[in-house]
Amino acid sequence: MFWTPNKWNPAMIVSTMTGEKFSTFVRRLIYCSESEDNGHTYYKINTRGTIHKIAARVNMRVESINIASGAYLYFRINKPIWLMACIMNKVALIWPLRLLGLTILAVLRKPELESEKSE
């Protein structure tokens, strides 16, 4: 089981385009912190298609993939933006917008061995 940000989520797309300096700036606005704890992140398995491809490559079965939405912490800057994010969070549950959710939770399984099947 693993969790990863969804590459196709609009917030992730903007984050990719703006870079780490912007993310650090926004985090400082929200948390009033001088910390630069926004380390480099390299997500390689963060789409449904990639999860299926990698699972097949390592001989695992995809048991489930759930894409979830959530109000983005960066939108806490002010109440109107936060309320809009909460409304959009509800709208994002409608198919096909659900595919743009913030996070992916995937469950992979190793195939049963013949010895395990007979037990």
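Panel note: side chain Asn46, backbone Thr4; no donor-acceptor pair is recorded below 3.5 Å.
Expressed to the nearest 0.5 Å, how far CG of Asn66 lies from CD1 of Ile104 amounts to 10.0 Å. With rounding to the nearest 0.5 angstrom, the CG atom of Asn6 is 5.0 Å from the CD1 atom of Ile67. In this structure, CG on Leu105 lies 10.0 Å from CH2 on Trp3, to the nearest 0.5 angstrom.
For the side-chain contact (heavy atoms from CB on, under 4.5 Å) with Leu108, the qualifying choice from Glu63, Met60, Met1 is Met60, the only one to do so.
Here salt bridge (charged side-chain N to carboxylate O under 4.0 Å, His left out) pairs that include residues 2-18, with residues two or more places apart or in two chains, number zero.
Considering only heavy atoms from C-beta on, Phe2 comes within 4.5 Å of Ile45 through its side chain.
In this structure, Arg61 places its CZ atom where more than 12 heavy-atom neighbours from other residues, nucleotides or ligands lie under 6.0 Å away.
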Identify all side-chain donor-acceptor contacts of residues 48-59 below 3.5 Å with residues at least two apart in sequence or on another chain.
unit_1: Thr50; atom_1: OG1; unit_2: Thr47; atom_2: OG1; d: 2.7

